[in-house]
Amino acid sequence: MRRSRRQIVEYVGLLAGSLVVALVASWTALGDQIDKDAYDVIFRMYRPPDWEAQSILLAIDEESYRVTDGKLRVAVAEGLERIAPFAPKAVAIDVILADRLDERDNERLAAAMRKTPNVVLVTPLLAKGWEDPLPIFRAAAAGVGHPYAEPDPVSREVLLEKIWGRDRRWALALETYRLSVSKPVIETETEVQVGDVVTPSRVLRIRYRPPDRPVPKVTLAELRGDPKLAQRFAGKTVFIGVTAQSAYDRVQTPYSPVPMPGVEIHANIFETIANRLFLVTAPMLATVAFCLALVAMAGVAFAFRSGRQSYLISAVVVMIALAAPYVAFARGTVLSFTAPVFSAWFSVAAAAAYHYFVVRKRMLTAEGDKSRYQQAMHFVTHEMRTPLTAIQGSSELMGRYALTEEKRKQMAQLINSESKRLGKMIEIFLSVERLSAGQLELKKEQFSGMDLMSGCVERVRPLAERKQIQIRIDGGPDAALLGDRELMEYAFYNLLTNAVKYSPSSTDVTVFTVRDGERIRIAVKDQGIGMDQKEVRKIFQKFYRTKKAEESGEAGTGIGLSIVEQIVTQHGGSIEVTSSPGQGSCFTLVLPTQKVNSMVESK
Ligand code: ADP
């Protein structure tokens with residue numbers, strides 16, 4: 001398949017456009033929502049390699065509440081008292097301890113905290129700032145952290161730091177991790193480093209443990225029932241919090257629409273950090289480059305392959321786009337879902353549509369070429385037969401018989417004039433065909449309409465005289481026409497010969513012009529056989545002749561008027577016919593003019 005430069009530019013432009021549209025669409029709110037949903041689906045589809053949990057939950061569930069008379073601080077104190085002897089690495093308490101409440105309970109809890117290593121307390125951010133735990137608790141704890149994961153409503157990320165005024169708090173899980181490894185937090189502009197763990201950014205995607213292998217959990221009630229369970233806390237980082245169904249502190253995770261207690265989310269954040277299970281966002285440039293590659297593949301599929309193959313390749317392109325986010329996720333990179341998928345779909349659709357229309361256009365052109373060829377053949381067989389027969393006959397006679405000098409001259413003249421006629425016919429036919437195929441520019445010469453008319457009338461006169469038909473030029477304004485004089489002559493001459501051919505003898509043919517605004521109307525009116533409205537509609541078709549015309553005995557092929565129409569339309573004009581059977585016809589050329597001159601007198 002060969003393509004023009006313009007087509008290539010168009011095609012590449014179209015593909016580039018579909019890439020831009022795809023990228024913009026993926027950045028809209030809808031694209032963002034689809035990306036999030038796709039992220040959750042991939043999250044559920046992908047099974048991370050198992051890892052041993054470094055944290056454990058000490059859960060205060062309904063039963064634990066019941067056994068501690070609904071006193072949360074007592075429950076936490078008892079939990080600490082039971083696990084402290086087994087030396088957990090650090091203990092995060094996800095319970096707000098800012099209110100006074102019962103002094104004795106507070107004393108007991110603070111005492112338990114002092115016996116526990118690396119206690120971290122939670123500090124909520126209120127309108128007036130951080131709400132710190134009571135001093136008695138703060139003094140007994142090693143650190144504080146904020147409790148906020150980002151729910152939207154699905155909790156996928158956590159802000160590692162949160163700032164109020166100049167007072168910044170790390171996320172509870174990060175603070176707990178820092179204390180559990182007893183390393184300081186080192187910050188760079190984008191990263192946060194604790195020991196040899198370097199987070200990729202300050203907004204961290206939470207890598208939840210799969211639902212069938214959650215962070216281990218022991219409830220206080222269970223611990224009470226079986227104190228030996230406290231061994232499970234040895235060397236682990238503990239997250240103490242409320243898991244009772246009635247607690248408001250629950251958020252959705254990508255794994256399930258069933259909300260997860262906040263304390264478990266903190267433990268999952270901790271697991272993400274402690275095990276360096278970071279999910280990094282694919283760089284923008286890489287995403288765009290990947291989309292560009294998909295678009296290029298779709299473009300190439302349709303440019304160099306045909307039919308089935310291009311659709312097969314497109315299917316592969318779409319599959320790659322669909323699979324890429326999963327494959328990237330499995331390698332710890334979060335790739336936009338919509339950007340590649342939209343890019344693949346849009347570019348395939350655009351390339352397929354373009355391909356379809358271009359191929360269709362080519363097919364139509366090929367069909368046009370074929371029908372033009374057929375017409376040419378018809379033309380040759382119909383119209384050229386007469387002069388050819390005359391030439392053949394005359395030349396044969398000349399060769400075969402000894403003719404008088406005069407006869408020979410006559411025949412030579414006939415051959416000459418008929419072959420000239422043939423030449424002219426071919427020329428006109430070819431130019432009209434090339435004009436309508438757009439392969440030829442119309443000549444632009446200026447000539448007088450009146451000259452054209454009278455020239456043609458003079459040429460037709462001998463033919464008319466044989467039938468005693470009078471041709472009259474009835475006057476009207478002259479006009480300067482612009483175009484190909486020879487073609488226009490052919491058109492007008494055709495109307496005149498038709499008028500003479502299809503009129504009985506001793507009738508009149510009248511030629512006149514009428515001004516029509518910026519246009520001029522050149523009319524040929526006869527008193528001939530005429531035709532009905534149905535026939536009028538058909539006479540411009542190639543090879544159509546009316547029944548009456550056939551019966552008239554006048555030679556004809558039915559192609560003349562179709563050529564006339566083409567010539568006139570190429571000149572920006574039109575042709576009108578009024579006719580009635582037995583009464584006569586009037587053929588009018590309506591042509592644009594350069595300028596209209598004064599009236600010409602009647603002849
Ligand atoms: P041809 O004259 O070779 O048949 P044309 O294309 O010039 O072909 O005309 C097509 C047909 O239109 C004619 O055969 C005839 O039936 C009809 N026609 C054209 N001009 C006239 C006219 N002046 N009066 C009656 N019929 C006409």
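Predicted model, so just to flag it, every value in this text is computed and none were measured. All ligand and atom numbering here is 1-based and tracks the order in the structure. Atoms considered below: every heavy atom in the structure, side chains included; atoms not considered: hydrogens, waters and symmetry mates.
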Visitor: Do we get Arg459 above Tyr493's six-membered ring, with its NZ or CZ under 6.0 Å from the centre and within 45° of the axis?
Guide: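 Checked: cation-pi criterion met.
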Visitor: Using a strict cut-off of 4.0 Å, indicate which atoms of ligand 1 neighbour a heavy atom of Asn494.
Guide: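 By the 4.0 Å cutoff, the relevant atoms are 7 (O).
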Visitor: Quick one: does Lys501 get a heavy atom under 4.0 Å from ligand 1?
Guide: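 The answer is yes: ligand 1 sits under 4.0 Å from a heavy atom of Lys501.
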Visitor: Would you call Arg521 and Glu576 a salt bridge, using N to O less than 4.0 angstrom?
Guide: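 Judged by the 4.0 Å cut-off on N to carboxylate O distance, Arg521 and Glu576 do form a salt bridge.
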Visitor: Please walk me through it: do Leu335 and Phe329 pass side-chain contact (heavy atoms from CB on, under 4.5 Å)?
Guide: CA-CA 7 Å; Leu335 178 66; Phe329 188 94; over 6 Å; no
Visitor: Is the closest N or O pair between Ser562 and ligand 1 shorter than 3.5 Å?
Guide: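 No, since none of the N or O atoms of Ser562 sits under 3.5 Å from an N or O of ligand 1.
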Visitor: Would a line drawn from the ring center of Tyr311 to the ring center of Phe302 be shorter than 6.0 Å?
Guide: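 Yes, close enough.
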Visitor: Is there a heavy atom of Phe587 sitting under 4.0 angstrom from any atom of ligand 1?
Guide: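 True for this residue.
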Visitor: Could you tell me which atoms of ligand 1, counted from 1 in the order shown, lie closer than 4.0 angstrom to a heavy atom of Ala549?
Guide: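 In order of numbering, the contacting atoms are 14 (O), 15 (C), 16 (O).
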Visitor: Below 4.0 angstrom, N of the basic side chain to O of the carboxylate: do Asp152 and Arg156 qualify?
Guide: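 Yes, Asp152 and Arg156 are salt-bridged.
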Visitor: Let me see the working for Glu535 and Arg545 under salt bridge (charged side-chain N to carboxylate O under 4.0 Å, His left out), right down to the final yes or no.
Guide: CA-CA 9 Å; Glu535 289 170 320; Arg545 302 195 74 202; over 6 Å; no
Visitor: Ile539 versus ligand 1: do any nitrogen or oxygen atoms come within less than 3.5 Å of each other?
Guide: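 There is no such contact.
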Visitor: Charged N to carboxylate O below 4.0 Å: is that the case for Arg461 and Glu458?
Guide: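 Looking at Glu458 together with Arg461, the answer is yes, because their closest N to O distance falls below 4.0 Å.
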Visitor: Looking only at distances, can you tell me whether any N or O atom of Met531, backbone or side chain, sits closer than 3.5 Å to an N or O atom of ligand 1?
Guide: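 Between Met531 and ligand 1 (N or O atoms, distance only) the closest approach is not under 3.5 Å.
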Visitor: Which is it for Val564 and ligand 1 at heavy atoms under 4.0 Å: side chain, backbone, both or neither?
Guide: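 The answer is neither; Val564 stays 4.0 Å or more away.
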Visitor: Taking only heavy atoms of Leu561 into account, list the atoms of ligand 1 that are under 4.0 Å away from them.
Guide: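 So the answer, numbered in order with elements, is 5 (P), 6 (O), 7 (O), 9 (O), 10 (C), 12 (O), 19 (C).
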Visitor: For Lys467 and Val500, indicate whether the former's side chain and the latter's backbone hold a donor-acceptor pair under 3.5 Å.
Guide: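 Side chain of Lys467 to backbone of Val500: a pair is present.
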Visitor: Short N/O distance, under 3.5 Å, between Gly560 and ligand 1?
Guide: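 Between Gly560 and ligand 1 (N or O atoms, distance only) the closest approach is under 3.5 Å.
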Visitor: Return the option from Thr546, Ile529, Val577 holding the heavy atom at the smallest distance from atom 16 (O) of ligand 1.
Guide: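 Nearest option to atom 16 (O) of ligand 1, by heavy atoms: Thr546.
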Visitor: Check for me whether Gly528 has a heavy atom closer than 4.0 Å to any atom of ligand 1.
Guide: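 No heavy atom of Gly528 comes that close to ligand 1.
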